[in-house]
Amino acid sequence: MQRAGVLTELPPLLTARGLDAARVFAEAGINAASFSAEDRLPFASGLKLLETAAEVSGCPHLGLMLGQRFQLKHHGLLGELMRTAPTLGHALVNFTSWQPGYSSGAVVYLHPLGDDHAFGYGAAVRANRVLYDLIAVVGLRMVQQLTGGAAGPEEIHLPYRQPEDKDAYARSMPPPTRFNEQRFCLVLTRAALDTRLPGAAHAQHQTILAELRTKLPGARAGAGLASRTCQVLRLLVQRGTPSMDATAAELAMHPRTLRRHLAREMTSFEALCGAVRFDMARELLDLTDLPVSEISTALAYASPSVFADAFRRWSGLSPLAFRRRNTPVPAA
């Protein structure tokens, strides 16, 4: 599931382009008339909504345009928690800690990347370029609005091919943007994370934190253990440690307990790990030109041959054959 948030800006955006927003939402199985930021919808429905809106509007960079409408208020109580944090680093730790209460279909993270830090995002299911465009601009505007423009990312890494319309990206994302990357993230320096926030207010921050502890546990409990395991696995694959022990530790339970509870949900750790890796592999094969050897490394496989064998079991095709089948042929 996914909290609606900034998606509530999609109807006015579509209407401004002369489109019937209600029809676009209906195609994704969502009622636009009663759509609010606090609503929760299936993550897959949100993906379909973005894809349908981009297709109907004839605007492949619709995600960038929607992201430009983001305000901290779209994150509701969590946005207020971040705004009142002492530094940008504290605010982003708040976000990564509480975001699971907003979405069981994606994971956000903040971890070291060389001398810098990666503020990243990954869907627990196969994502699309429109979603990554949206998240990239939302992430950028979040940092800008929190710091009053005093800090921003050094680079933005996007996990898809460089699009033809480079100007749209240059306008929406001024920092250097790198395409064909293994993962999505904003690269932030330590100095940026240490930036003091103009809205810092310790007492208010603690009050909001207490309110979140009351309100969000129910939202977290709404996601089954299998769903939460997939979230954790997406993050651990990127760290290179998608093991049962590491996953159980992230979920604060013993590995045997995790295995037992997953069996009750008619699945297993191995099946979920394979499903997450398969989604990530298809995403990278579809959206990027990364060599299979690099995709193998990104998915924490011991070698490209081990990855290729696993991919054949999942799809019946080699990674290269899958890419050839799914890559559009350029017009003559």
Going through the distances and angles, do Ser103 and Gln2 end up as a side-chain hydrogen bond (donor to acceptor under 3.5 Å, both in side chains)? CA-CA 4 Å; Ser103 173; Gln2 171 69 46; 2.7 Å; yes

Report the C-alpha separation of His157 and Glu155 in whole Å, then their side-chain angles, then the decisive distance to 0.1 Å, and conclude whether the side-chain hydrogen bond (donor to acceptor under 3.5 Å, both in side chains) test is met. CA-CA 7 Å; His157 293 187; Glu155 293 181 337; 2.9 Å; yes

Taking it one step at a time, do Glu181 and Arg178 satisfy salt bridge (charged side-chain N to carboxylate O under 4.0 Å, His left out)? CA-CA 7 Å; Glu181 292 296 311; Arg178 290 171 49 175; 3.2 Å; yes

Set out, in order, the CA-CA distance, both residues' side-chain angles and the distance that settles salt bridge (charged side-chain N to carboxylate O under 4.0 Å, His left out) for Asp309 and Arg313, then state yes or no. CA-CA 6 Å; Asp309 288 345; Arg313 288 197 303 273; 5.8 Å; no

What verdict does the salt bridge (charged side-chain N to carboxylate O under 4.0 Å, His left out) test give for Glu270 and Arg259, after you've listed the backbone C-alpha separation in whole Å, the side-chain angles of each residue and the deciding distance to 0.1 Å? CA-CA 10 Å; Glu270 291 75 19; Arg259 189 172 293 281; 3.0 Å; yes

From CA spacing to verdict: side-chain hydrogen bond (donor to acceptor under 3.5 Å, both in side chains), Ser97, Asn94: CA-CA 5 Å; Ser97 298; Asn94 286 154; 5.8 Å; no

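Under the 4.5 Å side-chain heavy-atom criterion for Ile, Leu, Val, Met, Phe, Trp and Tyr, Val187 and Val138 are members of distinct hydrophobic clusters. Neither Val107 nor Leu113 shares a network with the other; the hydrophobic side chains, linked directly or stepwise wherever heavy atoms of I, L, V, M, F, W or Y lie under 4.5 Å apart, form separate groups for each. Taking hydrophobic clusters as Ile, Leu, Val, Met, Phe, Trp and Tyr residues chained together by side-chain heavy-atom distances below 4.5 Å, Val130 shares a cluster with Leu19. Cluster membership for Leu209 and Leu88, using ILVMFWY side-chain heavy atoms within less than 4.5 angstrom, is shared.
Using cut-offs of 30° and 60° on the angle between ring planes, the pair Tyr109 and His111 is parallel. Ring planes of Tyr169 and Phe179: perpendicular class, angle over 60° (limits at 30 and 60°). Between Phe184 and Tyr121, the ring planes lie perpendicular to each other; the angle is over 60°, past the 30° to 60° tilted range. Ring geometry for Tyr132 versus Tyr160: interplanar angle of 30 to 60°, hence tilted.
The neighbour count for His117 NE2, taken as heavy atoms of other residues, nucleotides or ligands under 6.0 Å away, is above 12. For Glu55, the CD atom is loosely surrounded, since the number of other residues' heavy atoms within 6.0 Å does not exceed 12. For Asp115, the CG atom counts as loosely surrounded, since its 6.0 Å shell holds 12 or fewer non-hydrogen atoms of other residues, nucleotides or ligands.
Using a 4.5 Å heavy-atom cutoff, the side chains of Pro159 and Leu287 are not in contact. Residues Leu188 and Asp116 are not in side-chain contact: their nearest non-hydrogen atoms beyond the backbone lie 4.5 Å or more apart. Looking at heavy atoms from C-beta onward, Leu62 lies in side-chain contact with Leu13 at the 4.5 angstrom threshold. Using a 4.5 Å cut-off on side-chain heavy atoms (C-beta onward), Ile156 and Leu158 make contact.
Salt bridge present: Glu283 and Arg234 bring a charged side-chain N and a carboxylate O closer than 4.0 Å. Classification of Glu51 and Arg129 as a salt-bridged pair fails, no side-chain N sitting under 4.0 Å from a carboxylate O. The existence of a salt bridge linking Asp194 and Arg190 is confirmed by a sub-4.0 Å separation between a basic side-chain nitrogen and an acidic carboxylate oxygen. For the pair Arg83 and Glu80, the salt-bridge criterion is met [side-chain N within less than 4.0 Å of a carboxylate O].
Across Phe35 and Ala4, no two heavy atoms sit closer than the pair CZ-CB, 3.6 Å. Scanning both residues, Leu7 and Phe25, for their nearest heavy atoms gives O-CZ, 4.2 Å. When every heavy atom of Ser172 is checked against every heavy atom of Val137, the shortest pair comes out as CB-CG2, 4.1 Å.
A cation-pi arrangement is absent between Arg312 and Phe307 under the rule of less than 6.0 angstrom and at most 45 degrees off the ring axis.
Remark: side-chain polar atoms of His74 are paired, donor with acceptor, to backbone N or O of Gln71 under 3.5 angstrom. Checked by atom type and distance alone, the side chain of Thr297 pairs as donor or acceptor with a backbone atom of Ser293 at under 3.5 Å.
Inspection of the Ser305 and Ser303 side chains reveals an N or O donor paired with an N or O acceptor under 3.5 Å.
Between Phe95 and His75, the distance from one ring center to the other falls under 6.0 angstrom.
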